[in-house]
There are 2 protein chains.
Amino acid sequence: MGQGEAKVTAPAFDATVQLFADRQPGQPVDPQCPVRDVLDRIGDKWSTLILGTLAGGPHRFSAVQRAIPDISKRMLTQTLRDLERDGLIARTVFPTKPPSVEYRLTPLGVTILEPLTSLVRWANQSHAAIREARLAFDQAS
Amino acid sequence: MGQGEAKVTAPAFDATVQLFADRQPGQPVDPQCPVRDVLDRIGDKWSTLILGTLAGGPHRFSAVQRAIPDISKRMLTQTLRDLERDGLIARTVFPTKPPSVEYRLTPLGVTILEPLTSLVRWANQSHAAIREARLAFDQAS
DNA sequence: ACACAAGGTAATTAAGTGAGACCACAGACG
DNA sequence: CGTCTGTGGTCTCACTTAATTACCTTGTGT
């Protein structure tokens, strides 16, 4: 075996395969390839929700927490820091009476909204089909 | 406070905000919204890599494992099952001499390639900038 | 009988996540 | 004066989930 397994069923797939980890068929995946790196970051539980919130404009710490009520302060702090470290959001401290902190998307952070929106659109469109598939799968168990 | 924080800085953001969890500003996020549901699934360590592999055509279990060498059999089995449960991939058993199993994308699974490719393209384009930002952030610690 | 491979499961361990106490600072209240 | 509130966090601990290592089952060629 090993020959003729990976038959391309549509030309559009070629581009996708090339984009994924830019590897040759049969070659191992680079563990530090951009795809894995990025998906590890935005694939967590909160990053996309925070990015989606900040897409609506700058928010203060407590404002983000109000927008996403079921996030704990610990996770909010950590996720914000991770996003800041990756250059997707910027943190600005204002020396007001009680010091307030504002978070906003950087230009780089803005650029991720497009692919993210594309994924969100797919999620909304496909959610019903996915739930059906789950139901059918669970009944056949 | 609470007023005027979420100032929209560009019209494109509106659509994004609407897509995210289809919530009103100030309203809490639905914990079961499609976005969270989908991102929980494809946001894990291996799903996207498997989808990217199967984008190149049907693969047998061991072929997927060869394509992604650093995945354990346990995770490969589980991720394949989860993707099958969600209707993104189909599992077909062939009663050959040693019974072989083939995994392939379903029509629904094919439709996720487009948004996913969009994200992968962003990852490749932005990886350098992200690594720079990380370096700068870590030096300023 | 023996090694070997495909496909999968069981048990163990590492990582992610959450709840809540605590801190520093300033101002308002009593 | 001493306490209370609000902001933007940090810290520790317990818990839930993800992920790795190690084993099992079935068939097959030698």
Side-chain angles (χ1 to χ4, degrees), chain A residues 1-3 5 28-29 31 36-37 39-50 53-54 58-85 89-104 137 140-141, chain B residues 1-3 5 28-29 31 36-37 39-50 53-54 58-86 89-104 137 141:
Chain A
M1 67 307 193
Q3 265 100 342
E5 286 169 331
V29 197
R36 303 179 80 159
D37 201 359
L39 284 176
D40 275 1
R41 170 71 56 231
I42 68 135
D44 69 355
K45 199 172 180 183
W46 305 111
S47 289
T48 52
L49 290 175
I50 291 178
T53 300
L54 295 186
H59 281 64
R60 289 175 53 182
F61 184 89
S62 48
V64 178
Q65 199 168 21
R66 273 191 298 275
I68 311 169
D70 56 340
I71 191 174
S72 64
K73 269 201 285 194
R74 186 197 193 292
M75 277 297 112
L76 181 54
T77 301
Q78 185 179 307
T79 309
L80 285 171
R81 264 225 210 301
D82 288 344
L83 291 172
E84 184 196 0
R85 190 172 100 99
I89 67 175
R91 179 178 181 270
T92 315
V93 183
F94 293 102
T96 50
K97 321 127 190 193
S100 61
V101 179
E102 185 190 83
Y103 293 93
R104 68 170 67 215
F137 185 90
S141 66
Chain B
M1 68 310 197
Q3 264 99 341
E5 287 169 329
V29 198
R36 302 180 80 159
D37 200 1
L39 285 176
D40 275 2
R41 172 70 56 232
I42 68 136
D44 69 354
K45 198 172 179 180
W46 304 111
S47 290
T48 52
L49 290 174
I50 291 178
T53 300
L54 296 185
H59 281 64
R60 290 176 52 184
F61 184 89
S62 50
V64 178
Q65 198 168 23
R66 273 191 297 275
I68 311 169
D70 55 342
I71 190 175
S72 63
K73 275 196 280 194
R74 170 81 160 80
M75 286 321 293
L76 181 54
T77 300
Q78 185 178 307
T79 309
L80 284 171
R81 230 179 255 320
D82 287 345
L83 290 172
E84 184 197 0
R85 191 173 100 99
D86 284 6
I89 67 176
R91 179 177 182 272
T92 316
V93 183
F94 293 103
T96 49
K97 323 140 191 188
S100 61
V101 178
E102 184 190 81
Y103 295 92
R104 70 170 66 214
F137 185 89
S141 68

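Note that the coordinates shown come from a computational prediction; the quantities given were computed from them, not determined experimentally. Chain identifiers are assigned alphabetically (A, B, ...) following the order of the sequence lines, protein sequences preceding nucleic acid strands; residue numbering begins at 1 within each chain.
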*From the list D/dG8, D/dT20, C/dG18, which nucleotide is the closest neighbour of the side chain of B/Lys45?*
D/dT20
*asked:* So if I take every side-chain heavy atom of B/Ser72 and compare against D/dT7, D/dT20, C/dG7, which nucleotide ends up nearest?
replied: D/dT20
*So do B/Arg81 and A/Phe137 actually touch side chain to side chain, heavy atoms under 4.5 Å?*
yes
d([atom1], [X]; [atom2], [N]) in whole Å:
| X | N | atom1 | atom2 | value |
| --- | --- | --- | --- | --- |
| A/Gln65 | D/dG8 | CD | P | 10 Å |
| B/Arg66 | C/dA5 | CZ | P | 11 Å |
| A/Glu102 | D/dT7 | CD | P | 16 Å |
| A/Arg36 | D/dA19 | CZ | C1' | 13 Å |
| B/Leu76 | C/dG7 | CG | C1' | 10 Å |
| A/Phe61 | D/dT7 | CZ | P | 11 Å |
| A/Gln78 | D/dT12 | CD | C1' | 14 Å |
| A/Ile68 | C/dG18 | CD1 | P | 11 Å |

If the cut-off is 4.0 Å, is [X] near the phosphate of [N], judged by side-chain N/O to OP1 or OP2?
| X | N | value |
| --- | --- | --- |
| A/Arg74 | C/dG16 | no |
| B/Thr77 | C/dG7 | no |
| A/Arg91 | D/dG9 | yes |
| A/Arg60 | D/dG8 | yes |

So [X], base contact, sugar-phosphate only, or nothing? Heavy-atom distance under 4.0 Å.
| X | answer |
| --- | --- |
| B/Tyr103 | sugar-phosphate |
| B/Lys73 | base |
| A/Ser100 | sugar-phosphate |

*Report the C-alpha distance between B/Leu80 and B/Arg91 in whole Å, list the side-chain angles of each, state the deciding distance to 0.1 Å, and finish with yes or no for side chain to side chain contact (heavy atoms under 4.5 Å, CB included).*
CA-CA 9 Å; B/Leu80 284 171; B/Arg91 179 177 182 272; over 6 Å; no
_Contact nearer the 5' end of DNA chain C, comparing A/Met75 with B/Pro99_ = B/Pro99
*asked:* To the nearest 0.5 Å, what is the distance between CD1 on B/Ile50 and CD1 on B/Ile71?
replied: 4.5 Å
*Distance from A/Lys45 atom NZ to B/Leu39 atom CG, nearest 0.5 Å?*
13.0 Å
_Here's a test for you: under side chain to side chain contact (heavy atoms under 4.5 Å, CB included), which of B/Thr53, B/Val101, B/Ile89 qualifies with B/His59?_
B/Thr53
